[in-house]
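In what follows, chains are A, B, ... by sequence order, proteins preceding strands, each numbered from 1.
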Amino acid sequence: MEKINYRELGCESPRFWTGMGVMAFLILLALVSVYHMEHNGHYVTGMTNQIVWGLPHVFAIFLIVAASGALNVASIGSVFGGPMYKPLGRFSSILAIALLAGGLMVLVLDLGRPDRLIIAMTKYNFKSIFAWNIYLYTGFFVIVGFYLWAMIDRKGKALYRPLGITAFLWRLALTTGTGSIFGFLVAREAYDAAIMAPMFIIMSFSYGLAFFIITLMAAYWWDDRKIGDVRIAKLRNLLGVFVAAVLYFATVYHLSNLYITQHHGIENFILLEGGVYTKMFWIGQVLIGGVIPLFLIYSPAFSASRFAVMAASVLVLVGGFFQIYVIVIGGQAFPMTLFPGKEVVESSFFDGMVNSYVPTLPEAMLGFGGVVVAMTIVAVAARMFPMLPDSLEDPDSI
Amino acid sequence: MSNRKQQPDMKRREFLTKSVIAASTATIAPGVLLTTADANAATKAASSNTRWGMLIYTNKCADGCSSCVSACEKENGIDLVKKPEGHSDAMWDEQRPQWIRKVKLKDTQTGMVSNLPLMCQHCEEAPCVDVCPTGASFKRADGIVMVDRHICIGCRYCMMACPYKARSFIHADVAEQVVESPRGKGCVEACNLCANRLDAGDGNTACAEACSKEGHNAIVFGDLKDPNSAVSKVLKQSHSRQLREDLKLNTAVRYTNV
Amino acid sequence: MSFFFALLFILASLVFVVGLTLKIIQYAKTPVPLKIVTTPAPVTKSGVVLRMFREVVFFESLFKSTKWTWIFSWVFHMALLLVLIRHLRYFIEPDAVPAVVWTLIELVQPFGMYAGFGMVLGLVGLFLRRVLVDRVRYISAPSDYLMLLMLGFIGFSGLMMTFVVHTDIVAIKQFFTFNGGQLPADFPLIIHLSLVALLMLIFPFSKLLHVPGIFFSPTRNQVDNPREKRHIVPWAKALEEEQN
Amino acid sequence: MHRLIDLKRVAVMMVASVLLSFATAAISDSTVVEGSKAAGMDKGGCVAPQMDMRRNHMEYLKHQRDEVVHKGDRSSKFALAECVNCHASKDKKGHPVPVNAKDQFCDSCHDYAAVNITCFQCHRKVPEEK
């Protein structure tokens, strides 16, 4: 195998600086939104006492889930010994760190009292999966950081594999933890399911890889470097498998819910009568996030098209966003059954009613700011450190 | 010259001795001194020999009456929470805090209509306490589930976990509060069974008091662990149940005829 | 006691300001006969400014040489910066500055509080480096240890006052702003202030002079353009003209 | 050389002002606000010696708050509401002034020392009328 040279992304390009300028502006907008939300209180958002987690949480969970999946490429390279993936390990790790940082930023800045973040670091309730997640998240940064170091520094060579395995296991734990945030909510019919945790893992594989393909192709386009066809084909096929798996898990999740009579209400809501959530499920999650990408990936008509790979990845992300939206918001919009067999005639607290949620601009800007922060970290890191191989031309012998 | 630039008029020697005393007391853990502070106070700490709870006679709860709600709002200063200027009424209705609410139900099969007040059920195994990352959501020794708003970070996970939707998030600045019920933007709160009254030895909640004043007597409040309390006696005789019994939370608020 | 400390701090400030000024003048006057810039180096003046910025803010060259030393010293210096900004509150009257400035000083307080831990941690790391690494121990002079220990105790006594044994900070501020405050006779405060005064006294004669010194180091503050522009100091030029 | 002369002048001014401030120190009063209940009390009126309160009031309040919130023990004398009752002043019309308003009891020192008080985001800042 020929030697791989890693090199920083070319930096003199005006494209880079224009891009950075745009991203800095978007981050600024996000910070202005945060100030607006914290100064006035959450009444300026669409969140209420009925829909308590809104768009920021959708963005945050989306990014956190994608973060652990982005590490997948590195894991395939070091844990499962895929030589084609090994040169991509560094970039995969930094992308994972960046996505997690972006997601956590959104999560933290949406808190009612972000000024008390220090309390979240000093006071723990170990029965709470949230408290565990704080450790899982910080641990992820540290472990992936070391993993990255072992990949870059020659001194770390001996630790490369052990760290790779640790990072891989930690990644699984992290996504399980994120999925469990919902799995533990016994009171809400939409969430009370053990399949939540494995479903989140497979979702993370899919979103993370989609993010990876998009950023990788964008970076190589930025710096006029080459990626070989075989590598693209490998990534494309992998994405196809993950997208299909996500669809499969979604089917199993809904089928098993349909089996439980108690859950017929929520299933009816999401699949048939939930209005915007039903549309998001069928059009957003299933069609845009599943069927069309699968078609783009597997149809012979697009087999040579890089644009199709890029488009499929973008659609996977859009569909994934809808999927999490349906889980988080749709799950809250459906009323909790407090009185089985009875119908609520009157309540000042909207009992028994489908709750409406209209996100406002500040929340959207905060959430989007998280994505931008992640992309900025990737761009800066790829420019400052040797993250990407000079060339990803296909090796001569495969 | 404003106040802050002025000096304490303590003499030098007094100053030195006192500061030595102060420094040493401060180092020997403030707790030792503090617990002995006010021996003749009327109040005692919450004890696990008590479990506060209530029974609600759904059939006695009158249609159209909401005196328990207004009593609660007055007692806990919820009526002092004002809608932010220029905000829409519909939106504010979904965002304003409510500790207790009246719910009117109709049986889908028989058409029987019933009324009941709904508030925090003070579960023994409270999901909100389990999920709170900082321990701000906690259960007192006497079974009251409440929020320590000094360490609540406003993540709203407890609101996601609560099966009764009993909790409210404070969505905007609150200009005025009552002394016994502090409240501010960015924290979650819920019914605390008028803990301030119980600590002062009152033994009844504002809602129960208002209900009997109205003549309905639909709410019986008291110590569930004391076999001689009014609530224990009526619970022993009437057929009551918990809301969402299937979750096995062992709530301290029980209902008849639901 | 207050009187003693007042005199001590006046003396210490004088020594600090005058000593530092003289040193800076000396540095500025020190001849730099040659271009000795360490390459790769920027070839433009703005490039040099940027390089000095990276050097001062990120400790770039230290980062490139030893990572451990970099981590500890960078953490220490950045934490020290926050702590110093936090201490501005003892010397500035709120009415004397624009409200925005005062709000910023208020905002930095919690960060400064916890930065104290970072500062002490960094110092402990640097101290352990001197003790545990053979090569470094061999070249360490007593004064190297002294500086670390002094700063460490300053940080430690400060943390004690912040978190354990509080003192009367209003009185301290009145003392330092000449509003007639008596210094509270608290043990950590006495330690803290004595050591700070001592540090100020020896600052102009110690290795701490690297603070102004970094800006005068010719290997970093020069532009790498010896071919484009001949580097010649005035006295050398005069000498040259004499010869011709 | 005139830089050194400047320095000398500054030094003389510094010494002079320090000496002057020692002279003024003896004639000043304590920090209670005029028109508050505390102003009418003698020195021992507070729940703890002034020296102690100046240093440790935050610890006492924090300790008391945990006792009250978590244990329901309201027997401690260090209650925030009592601080407010005693230290809030009244304006010319007889209305109580919030203790955290500009130059009032809490604000005067906290603003002076750049310490944010968050207590009154949630807690009542004027005595409750009975």
Side-chain angles (χ1 to χ4, degrees), chain B residues 1-11 14-15 17-19 21-23 25-26 29-31 33-35 37-47 77 138 140-142 144 146-151 170 173-174 176-187 195-196 198-200, chain D residues 21 24-34 43 47-56 59-60 62-82 84-85 102-105 107-113 118-128:
Chain B
M1 212 186 211
S2 76
N3 262 316
R4 61 177 177 239
K5 288 183 188 160
Q6 292 165 356
Q7 256 299 295
D9 57 351
M10 207 171 269
K11 295 208 179 58
E14 188 189 5
F15 182 95
T17 39
K18 282 206 172 172
S19 69
I21 296 169
T25 49
L33 261 169
L34 288 179
T35 41
D38 208 353
N40 59 0
T43 71
K44 285 199 298 284
S47 130
F138 71 102
R140 271 184 16 165
D142 54 4
I144 299 178
M146 52 193 265
V147 184
D148 180 354
R149 278 166 280 173
H150 300 108
I151 57 172
I170 302 303
D173 260 325
V174 182
E176 210 186 333
Q177 298 92 354
V178 293
V179 163
E180 295 296 354
S181 190
R183 163 176 298 109
K185 177 180 72 185
C187 291
N196 54 309
L198 302 180
D199 292 343
Chain D
S21 56
T24 55
I27 53 166
S28 55
D29 196 14
S30 66
T31 44
V32 292
V33 182
E34 262 177 64
K43 283 241 79 65
V47 286
Q50 192 187 40
M51 290 298 316
D52 189 10
M53 286 307 274
R54 286 186 155 213
R55 289 174 167 77
N56 295 317
E59 299 294 336
Y60 295 151
K62 210 179 264 177
H63 183 80
Q64 188 262 358
R65 110 192 170 189
D66 289 341
E67 292 290 307
V68 169
V69 176
H70 289 268
K71 296 186 191 149
D73 182 352
R74 294 173 198 247
S75 60
S76 162
K77 59 183 176 179
F78 297 101
L80 184 65
E82 287 306 314
V84 175
N85 280 341
K102 181 97 181 124
D103 284 338
Q104 291 300 307
F105 184 70
D107 174 79
S108 61
C109 287
H110 277 97
D111 183 46
Y112 182 57
T118 46
C119 306
F120 300 105
Q121 289 176 6
C122 297
H123 285 275
R124 193 177 169 87
K125 20 201 171 300
V126 291
E128 203 157 56

(message) If the condition is side chain to side chain donor-acceptor pair (under 3.5 Å), which residues does D:H123 pass it with, not counting sequence neighbours?
(response) none
(request) With a 4.5 angstrom heavy-atom cut-off, could you sort out which part of B:L198 is near chain D: side chain, backbone, both or neither? (result) neither
(request) Can you tell which part of D:V68 gets under 4.5 Å to a heavy atom of chain B, answering side chain, backbone, both or neither? (result) backbone
(request) Between chain D and each of B:N196, B:I170, B:V179, count heavy-atom pairs under 4.5 Å; write down the option with the most. (result) B:V179
(request) Identify the two heavy atoms, one from B:A195 and one from B:M146, that lie closest to each other, and give their separation to 0.1 Å. (result) CB-SD, 4.4 Å
(request) Name the option with the most non-hydrogen atom pairs under 4.5 Å to chain D; the candidates are B:G184, B:P182, B:G186. (result) B:P182
(request) List for me each residue that meets salt bridge (Lys or Arg N to Asp or Glu O under 4.0 Å) alongside B:R140, sequence neighbours excluded, and say none if there are none. (result) B:D142, B:D199
(message) Under the side chain to side chain contact (heavy atoms under 4.5 Å, CB included) test against B:Q177, which residue among D:E128, D:Q121, D:K125 passes?
(response) D:K125
